[in-house]
Amino acid sequence: MDIKQKMQDLVDQINHYNHAYYQLNESLISDEAFDKLLAELQKLEFENPLFAIPNSPSQHVGGTITKTFKSVTHQFPMLSLGNTYNEEDLREFDERIQKALGDEKYEYICELKFDGVALSFWYENGKLIKGVTRGDGTRGDDITNNVKTIRTIPQAIQSTDFPSSFEVRGEGYMPISSFDKINAEKIANGEAPLANPRNAASGTFKMQDSRVVAQRNMACFVYAYLGNEIPFQTHEEGLKLMQKNGFPVSETYRKCSGINQVLEYIEEWEDKRHDLPLNTDGIVIKINDLGQQERLGFTAKSPRWAIAYKYPSEIAHTKIESVSYQVGRTGNVTPVANLYPVYLAGTVIKRASIHNANEMERLDLHENDTVFIEKGGEIIPKITGVDATKREINNSKFEFPSHCPACSSELIRLEGEANHYCTNYLHCPPQIKGRIEHFIQRKALNIENLGTETIDLLVEKGIIGTAADLYDLSESSFMGLDGFQSKSISNILTSIVKSKEIPFRQVLFGIGIRHVGATIAEKLVLAFQSIDNLARATYEELVAVPEIGDRIAISIGEFFQDPTNQLFIEKLKSAGVQLSEEIQEIVLEGQALVGKSFVISGVFENFERDELKAKIIANGGKVVSSISSKLDYLVAGNNMGPAKLEKANQLNIQILSEEDFLALLS
Ligand code: IVH
């Protein structure tokens with residue numbers, strides 16, 4: 001197959017998986033397999049920039065750092081919507097519309113009200129030039145680099161359907177699957193989980209490092225088109241036109257003639273909405289005809305032609321059976337309420353999180369209390385209140401334990417932290433097991449064939465006490481243990497041996513220093529290269545690394561001061577686990593190209609393409625794969641494609657011949 005066709009096939013495949021994931025809530029492929037396809041496409045695009053497709057999904061991978069976001073003024077203010085909470089309010093809205101439009105017939109478009117953050121996308125000459133938050137409605141933050149990571153938002157539109165300048169608005173969100181994944185990681189790292197997908201989305205879109213944003217699989221549904229020129233007559237036509245041009249329009253909208261059909265839509269989606277990839281808190285009802293919208297106009301805050309209907313919030317009440325205290329791998333103790341099972345938002349709830357002692361105190365929880373539980377997209381629902389009127393006099397109050405429920409050591413509470421910790425780091429069984437489970441997970445040492453039950457058994461039998469002991473295991477270690485065939489033992493041992501090849505960045509994450517998640521581990525490895533350098537690093541050296549703050553630096557310092565941890569690391573070292581990583585340092589030949597970006601195209605007389613690329617990097621420049629308005633230079637060799645040249649000319653990009661390039665270097 002020729003390369004061009006291969007690239008097109010990859011683009012089609014990736015777009016297909018993106019569509020299934022974001023529009024249909026279907027994961028047709030594993031994350032790794034998806035990343036592999038994307039990496040393959042990026043590689044081909046880099047090697048064959050002539051064939052790169054302008055709106056390739058590879059354009060969404062991030063990689064920029066924004067220190068402070070610029071504030072920009074919206075061309076059209078971003079208003080809010082009036083709210084209704086019941087049928088009566090809605091009928092009143094409909095009567096107001098009827099009165100204002102006189103005899104005219106009218107239709108509504110009903111859409112779901114997506115619970116994320118409002119975003120505005122500005123297009124100029126077919127290109128996405130800005131992504132802006134709502135802000136105060138008049139001015140918002142320019143978060144272009146972050147919105148560009150949304151895989152379903154086109155960065156270029158190749159059609160004549162739209163005028164040269166327009167704006168599309170929608171709701172940016174973090175899919176619940178990403179939210180759950182991030183929180184599972186946070187909990188595994190001993191960090192506080194994110195509160196709910198909406199907060200998570202708004203925090204993520206304001207992150208400085210767009211690469212981290214890209215890893216979070218942010219998504220969007222668009223629901224409005226604005227501009228001085230509007231190429232359609234009704235809202236529905238607008239949605240269809242946006243969809244035709246590749247914008248992510250949720251297919252859940254419906255045209256309704258009359259308020260009764262609106263009420264049917266509301267009823268139909270009350271349960272069905274829980275199957276969507278994001279939270280929704282109601283529906284939005286909009287007049288379909290744009291002329292009628294214009295005649296109905298706006299109040300100071302919101303349009304008169306649209307209104308939101310909010311579903312009742314999802315609360316259930318039940319009784320507490322007991323409270324258990326779970327000990328995490330870092331020793332943090334979390335209270336969890338065991339409940340009499342109750343049905344809430346599509347699932348039967350038996351447990352609810354109480355988070356920490358402060359929360360227990362705030363709720364003033366007593367035995368047998370009737371509690372309200374709410375589901376806000378968190379991993380497990382939380383208790384939001386107590387119905388004190390139902391409390392019986394003799395029920396005693398739940399007290400946070402003073403000692404560890406697993407090993408009976410005294411609990412401590414660190415200054416400024418809400419959590420209690422068990423300090424019996426060495427011998428507390430759930431901590432030991434938790435640390436080993438953390439060590440073997442896929443993102444860490446990736447030791448397959450070793451499940452939680454086996455770890456529990458090996459720890460309970462005293463066969464292993466730390467993850468480093470895994471490397472001492474042999475066939476005889478399993479002697480006398482039930483349920484292990486020689487095949488499964490050999491599989492376990494093979495995976496353990498294989499883990500010695502896992503790169504240091506994953507090992508460092510697996511070691512499980514409190515507050516050092518996978519991303520921080522990567523940053524630390526880039527900065528220090530080896531465990532010995534990291535162990536020797538001073539506080540000042542640690543906080544000088546981007547994203548390493550006080551809390552992480554102190555935690556790293558404490559970890560390496562502990563003799564048990566020193567022993568653990570020594571053991572990993574003698575087992576042959578990777579505890580350093582060579583980071584190729586680029587030694588600059590010169591500074592001539594610092595801060596400049598280049599696209600290379602065509603064939604050159606004095607350089608192979610790779611050599612030219614290396615020359616640019618060695619002189620401080622950056623090589624990118626496609627032409628955009630931000631590009632500084634196109635280095636044009638022989639036989640370069642006319643389309644690329646034309647695009648560069650259109651965008652006024654400076655074009656360099658091979659001689660010009662050499663002149664620039666010197
Ligand atoms: S239309 C004039 N449609 O709800 C406002 N908004 O309270 C036009 N939202 O800020 C907004 N889903 O962030 C519209 N299908 C939808 C929506 C939607 C969610 C949010 C949006 C807006 C807020 C209004």
Side-chain angles (χ1 to χ4, degrees), residues 22-23 74-85 89-90 93 97 108-121 131-141 143 147 150 152-153 167-176 196-202 204-206 218-227 230 234-236 238-240 242-243 247-256 262 265-266 268-269 272-273 276-290 292-294 296-311 313 377:
Y22 292 104
Q23 300 287 103
H74 291 294
Q75 246 206 85
F76 307 92
M78 282 182 91
L79 301 174
S80 63
L81 289 167
N83 284 325
T84 60
Y85 297 90
D89 293 349
L90 264 184
F93 164 75
I97 298 278
Y108 291 118
I109 296 291
C110 289
E111 291 164 10
L112 286 160
K113 188 166 190 297
F114 308 112
D115 196 12
V117 282
L119 296 176
S120 161
F121 307 95
V132 186
T133 63
R134 179 175 185 276
D136 62 5
T138 306
R139 294 177 69 81
D141 284 333
I143 53 161
V147 302
I150 303 176
T152 48
I153 291 290
E167 190 176 329
V168 165
R169 288 182 183 171
E171 198 80 353
Y173 67 92
M174 178 183 284
I176 294 173
N196 57 50
R198 188 194 334 108
N199 291 0
S202 92
T204 303
F205 281 123
K206 297 292 274 292
M218 302 307 283
C220 183
F221 278 133
V222 303
Y223 47 67
Y225 171 101
L226 293 97
I230 302 202
T234 65
H235 181 63
E236 186 187 24
L239 291 175
K240 287 193 169 144
M242 288 193 286
Q243 186 171 32
F247 285 97
V249 174
S250 168
E251 284 170 16
T252 51
Y253 72 86
R254 183 179 306 156
K255 186 157 70 183
C256 296
V262 171
Y265 178 88
I266 291 177
E268 185 178 322
W269 281 98
K272 245 171 49 182
R273 68 199 171 102
L276 296 171
L278 79 167
N279 287 334
T280 49
D281 56 351
I283 67 157
V284 181
I285 303 133
K286 304 174 180 173
I287 282 285
N288 192 21
D289 185 275
L290 300 191
Q292 290 178 333
Q293 282 191 5
E294 202 175 327
L296 289 160
F298 296 85
T299 69
K301 279 197 295 195
S302 52
R304 287 202 185 85
W305 46 265
I307 202 146
Y309 168 86
K310 294 285 200 81
Y311 284 114
S313 84

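Atoms within a ligand are numbered from 1 in the order they appear, just like the ligands themselves.
- At a 4.0 Å heavy-atom cut-off, ligand 1 touches Phe114 through backbone and side chain alike.
- Polar contact check, Arg134 against ligand 1: no nitrogen or oxygen pair lies under 3.5 Å apart.
- Taking 4.5 Å as the limit, some side-chain heavy atom of Lys255 sits within range of a side-chain heavy atom of Ile109.
- Summarising the contacts of atom 18 (C) of ligand 1 with Phe298, Phe76, Tyr253, Tyr223, the nearest heavy atom is found in Tyr223.
- In this structure, Tyr223 has its ring center no closer than 6.0 Å to that of Tyr253.
- Using bins of under 30°, 30° to 60° and over 60° for the plane-to-plane angle, the ring pair Tyr309/Tyr311 lands in the perpendicular bin.
- The shortest side-chain heavy-atom distance between Asn279 and Arg198 does not fall under the 4.5 Å cut-off.
- When only non-hydrogen protein atoms are considered, atom 5 (C) of ligand 1 lies nearest to Leu79 O, 3.6 Å.
- Within the 4.5 Å cutoff, the side chain of Phe121 has heavy atoms near those of the Val147 side chain.
- Close to ligand 1: Leu112, with a non-hydrogen atom less than 4.0 angstrom away.
- Among Leu81, Leu90, Val284, the single residue meeting the side chain to side chain contact (heavy atoms under 4.5 Å, CB included) criterion with Ile307 is Leu90.
- The option with the heavy atom closest to atom 9 (N) of ligand 1, from among Met78, Glu171, Arg169, His235, is Glu171.
- Between Thr133 and Val117, every side-chain heavy-atom pair lies at or beyond the 4.5 Å cut-off.
- Residue contacts with ligand 1, taken as heavy atom pairs separated by less than 4.0 Å, involve Lys113 via backbone and side-chain atoms alike.
- Contacts of Lys286 with ligand 1, taken as heavy-atom pairs under 4.0 Å, involve the side chain alone.
- The proximity of Leu81 to ligand 1, defined as any non-hydrogen pair under 4.0 Å, involves the side chain as well as the backbone.
- Gln75 places none of its side-chain heavy atoms less than 4.5 Å from the side chain of Ser120.
- The Glu111 neighbourhood of ligand 1 comprises atoms 3 (N), 15 (N), 16 (C), with distances under 4.0 Å to a heavy atom of that residue.
- Within the 4.0 Å heavy-atom cutoff, Pro303 counts among the residues contacting ligand 1.
- Protein heavy atom in closest approach to atom 10 (O) of ligand 1: Ala118 CB, 3.9 Å.
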